[in-house]
Amino acid sequence: MNRAGYAIEYDYYPPTQLDSSLQVKSVRGLYFAGQINGTTGYEEAAGQGLVAGANAALATQRERPLVLGRETSYIGVLIDDLVTRGVDEPYRLFTSRSEFRLTVRQDNALRRLGPVGLKLGIYSRPEEATIETRLHHEDSALRLAETTSIRPDEAEPILSAAQSAGLSQSVRVIDVARRQDVSLQKLFEAVGVGAEINGEALVTADLEIKYAGYFERERAQAERMRRMGDFSLDTDIEYGEMRSLSLEARQKLSNLRPGSLAQAFAHPGVSPSDLQNLVIEIERRRRVAATP
């Protein structure tokens, strides 16, 4: 940085000319971040600056770039939106832009992104200890809930307050904690375990137990999208000719010209069934082209 500035006049750079590390595709070693990419808002600028700065540093060390996917963070959503979709007005990052709002939560930020920072070596020793302690407490809470039983008389006051049916026999704490408005922390207190576990870690464990089915479905979707990132798409594909795709998907893909299925999947208007049909059609065409 040559000079610090504020409220200065700046140019706009089309963010689709950047890759996912915020490096300019045509100029290696040049990274753009902030409002010059068509965004507005301090959080948006700070998030881009973090990633662009980290990648500039990694590039000097000849290390792999830091690329945060949509399934890992809102910063990942922000950057993916910019470099794959572009902008036609100042971009603000709203939670509604993420497909993974159940798993990209405030309470599990350390679980999602802590390992990334640890790998990059950006934390101090006390910060590393804080992360390790928090993750250990979350794991301990889930393990206790699975291995500890609660008697009907111990659970009765909690279930009665939650207007939930009582127990006829002792059951695992995790089974009771799945009920709505039944606190995992109160169940632990009733049984006399888990006093050493951090309260924020208990909140995360409670959410993971109550909404496990929804989280698992969303994480499977995220994993599917991650795998699709390896399926490349030629830029000269004639989407308009693919009648197996919806009209909206054909129009969106023709305008977007994604480089991979992951980019196509992230775009509104392109459904999972459209992507499945797209894969089938592309593989069919590739087989035909390879036939002597």
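Below, all heavy atoms of this structure are taken into account, side chains as well, without hydrogens, waters or symmetry copies.
When all heavy atoms of D19 and K25 are compared, the pair lying nearest together is N-CG, 3.9 Å. Closest approach of A205 to L184, counting heavy atoms only: CB-CD2, 3.9 Å. The two residues V176 and L167 come nearest to each other via the heavy atoms CG2-CD1, 4.1 Å. R178 and I209 get closest at one heavy-atom pair: CG-CG2, 3.7 Å. When all heavy atoms are compared, the tightest approach of A141 to L202 is CB-CD2, 4.0 Å. Among all heavy-atom pairs drawn from S254 and Y239, the shortest one is OG-CB, 3.6 Å.
With R92 contributing its side chain and T40 its backbone, the two residues share a donor-acceptor pair below 3.5 Å. Judged by distance alone, the side chain of H137 and the main-chain N or O of N198 form a donor-acceptor pair under 3.5 Å. Between the side chain of E154 and the backbone N or O of R151 there is at least one donor-acceptor pair closer than 3.5 Å.
Here the side chains of I158 and V182 are in contact, with some heavy-atom distance below 4.5 Å. Side-chain contact between L30 and Q23 is absent, with no heavy atoms from C-beta onward closer than 4.5 Å. Here the side chains of Y74 and E44 are not in contact, with every heavy-atom distance at 4.5 Å or above. Between S170 and P152, the closest side-chain pair of non-hydrogen atoms falls below 4.5 Å. Q17 places a side-chain heavy atom less than 4.5 Å from the side chain of P14. Within the 4.5 Å cutoff, the side chain of Y123 has heavy atoms near those of the L118 side chain. Counting only heavy atoms from C-beta outward, the side chains of V87 and T39 never approach each other to under 4.5 Å. Under the 4.5 Å side-chain criterion, counting only non-hydrogen atoms from C-beta, S73 is in contact with L68.
From T103, atom OG1 reaches atom CZ of R217 across 12.5 Å, with rounding to the nearest 0.5 Å. Between the CD1 atom of I36 and the CD atom of Q48 there is a distance of 10.5 Å, given to the nearest 0.5 Å. Here CD1 of I174 is found 10.5 Å from OG1 of T148. Values are rounded to the nearest 0.5 Å. Atoms OG and CD, from S98 and E71 in turn, are 9.5 Å apart once rounded to the nearest 0.5 Å. Remark: S140 OG to E196 CD distance equals 7.0 Å, nearest 0.5 Å. Rounding to the nearest 0.5 Å gives a distance of 9.5 Å between CG of L102 and OH of Y211.
A salt bridge links E208 with R219: the distance from a Lys NZ or Arg NE/NH1/NH2 to an Asp or Glu carboxylate oxygen falls below 4.0 Å. Taking 4.0 Å as the cut-off between side-chain N and carboxylate O, R284 and E281 count as a salt-bridged pair.
With 3.5 Å as the limit, one finds no donor-acceptor pair spanning the side chains of Q185 and D206. Side-chain N/O atoms of R112 and T72 include no donor and acceptor closer than 3.5 Å.
The stretch residues 138-148 participates, sequence neighbours left out, in these salt bridge (Lys or Arg N to Asp or Glu O under 4.0 Å) pairs: R111-E138, R111-D139, R134-E138.
Residues satisfying the ring pair (Phe, Tyr, Trp, His ring centres under 6.0 Å) test with Y13, not counting sequence neighbours, are F32. Every side-chain contact (heavy atoms from CB on, under 4.5 Å) that E156 has, sequence neighbours left out, goes to S160.
Heavy atoms from other residues, nucleotides or ligands lying under 6.0 Å from CD of Q163 number 12 at most. For K186, the NZ atom sits in a loose shell: 12 or fewer heavy atoms of surrounding residues, nucleotides or ligands are nearer than 6.0 Å. Counted within 6.0 Å of CD on E200, heavy atoms from surrounding residues, nucleotides or ligands total 12 or fewer; the atom is thus considered open.
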Requested in this report: Please assess N108 against T204 for the test side chain to side chain donor-acceptor pair (under 3.5 Å), listing each intermediate value before the final yes or no.
Outcome: CA-CA 7 Å; N108 68 357; T204 296; over 6 Å; no

